[in-house]
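Here is the structure we will look at.
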Amino acid sequence: MSVLDRLASALGRRDELPNVALAQELAASEDRAGIFMLADALTSGSRPVRGDAIKALYELGALRLDLLRPHVGALLAALDASDNRLVWGAMTGSTAWPLPIPS
């Protein structure tokens with residue numbers, strides 16, 4: 001079963017538990033290919049998939065920021081999305097990074 005098949009929307013669920021469990025599993029297994037699939041889904045997935053992917057990604061970042069760092073570009077791109085869920089998720093996921101403050 002692919003990472004995207006394990007998201008809440010793919011399972012027909014309306015809660016976030018599958019996305020959180022997926023993030024925990026990705027953190028434990030260090031599945032970089034799966035993490036890449038989630039980051040890619042932020043731009044290529046359907047709206048429900050994008051929402052689930054951003055949730056899994058920011059939960060992953062809370063657990064293992066080092067695994068999320070290579071995908072900072074995907075999170076920053078999500079800040080420009082018209083979907084508020086993606087923008088909020090991208091802001092939540094990026095709060096752990098020491099970003100420079102523009103002067």
Ignoring hydrogens, what is the shortest heavy-atom contact between [X] and [Y]? Give both atom names and the distance.
X     : Y     : answer
Leu38 : Ala53 : O-CB, 3.6 Å
Ala39 : His71 : CB-ND1, 3.6 Å
Ala56 : Ala23 : O-CB, 3.3 Å

What's the separation between atom [atom1] in [X] and atom [atom2] in [Y], rounded to the nearest 0.5 Å?
X     : Y     : atom1 : atom2 : answer
Ile54 : Met91 : CD1   : CE    : 10.5 Å
Lys55 : Thr92 : NZ    : OG1   : 8.5 Å
Leu22 : Leu57 : CG    : CG    : 9.0 Å
Met37 : Leu26 : CE    : CG    : 10.0 Å
Leu4  : Ser9  : CG    : OG    : 8.5 Å

Subject >> Residues which pass salt bridge (Lys or Arg N to Asp or Glu O under 4.0 Å) with Asp83, listed by chain and number, not counting sequence neighbours >> reply: Arg47

Original post:
Is any side-chain heavy atom of Asp31 less than 4.5 Å from a side-chain heavy atom of Val3?
Top reply: yes

Original post:
Do Leu86 and Leu79 touch side chain to side chain, with heavy atoms closer than 4.5 Å?
Top reply: no

In a table with atom names and distances, give each donor-acceptor pair under 3.5 Å that connects a side chain of residues 11-20 to protein atoms at least two apart or in another chain.
{"unit_1": "Arg13", "atom_1": "NE", "unit_2": "Asp15", "atom_2": "OD1", "d": "2.8"}
{"unit_1": "Arg13", "atom_1": "NH2", "unit_2": "Asp15", "atom_2": "OD1", "d": "3.3"}
{"unit_1": "Arg13", "atom_1": "NH2", "unit_2": "Asp15", "atom_2": "OD2", "d": "2.7"}
{"unit_1": "Asp15", "atom_1": "OD2", "unit_2": "Leu17", "atom_2": "N", "d": "3.4"}
{"unit_1": "Glu16", "atom_1": "OE1", "unit_2": "Asn19", "atom_2": "ND2", "d": "2.8"}
{"unit_1": "Glu16", "atom_1": "OE2", "unit_2": "Arg85", "atom_2": "NH2", "d": "3.1"}
{"unit_1": "Asn19", "atom_1": "OD1", "unit_2": "Ala8", "atom_2": "N", "d": "3.0"}
{"unit_1": "Asn19", "atom_1": "ND2", "unit_2": "Asp52", "atom_2": "OD1", "d": "3.0"}

Listed pairs under 3.5 Å, donor-acceptor, residues 61-68 side chains, sequence neighbours left out:
{"unit_1": "Arg64", "atom_1": "NE", "unit_2": "Asp66", "atom_2": "OD1", "d": "3.0"}
{"unit_1": "Arg64", "atom_1": "NH1", "unit_2": "Ala27", "atom_2": "O", "d": "3.3"}
{"unit_1": "Arg64", "atom_1": "NH1", "unit_2": "Glu30", "atom_2": "OE2", "d": "3.0"}
{"unit_1": "Arg64", "atom_1": "NH2", "unit_2": "Glu30", "atom_2": "OE2", "d": "3.2"}
{"unit_1": "Arg64", "atom_1": "NH2", "unit_2": "Asp66", "atom_2": "OD2", "d": "2.7"}

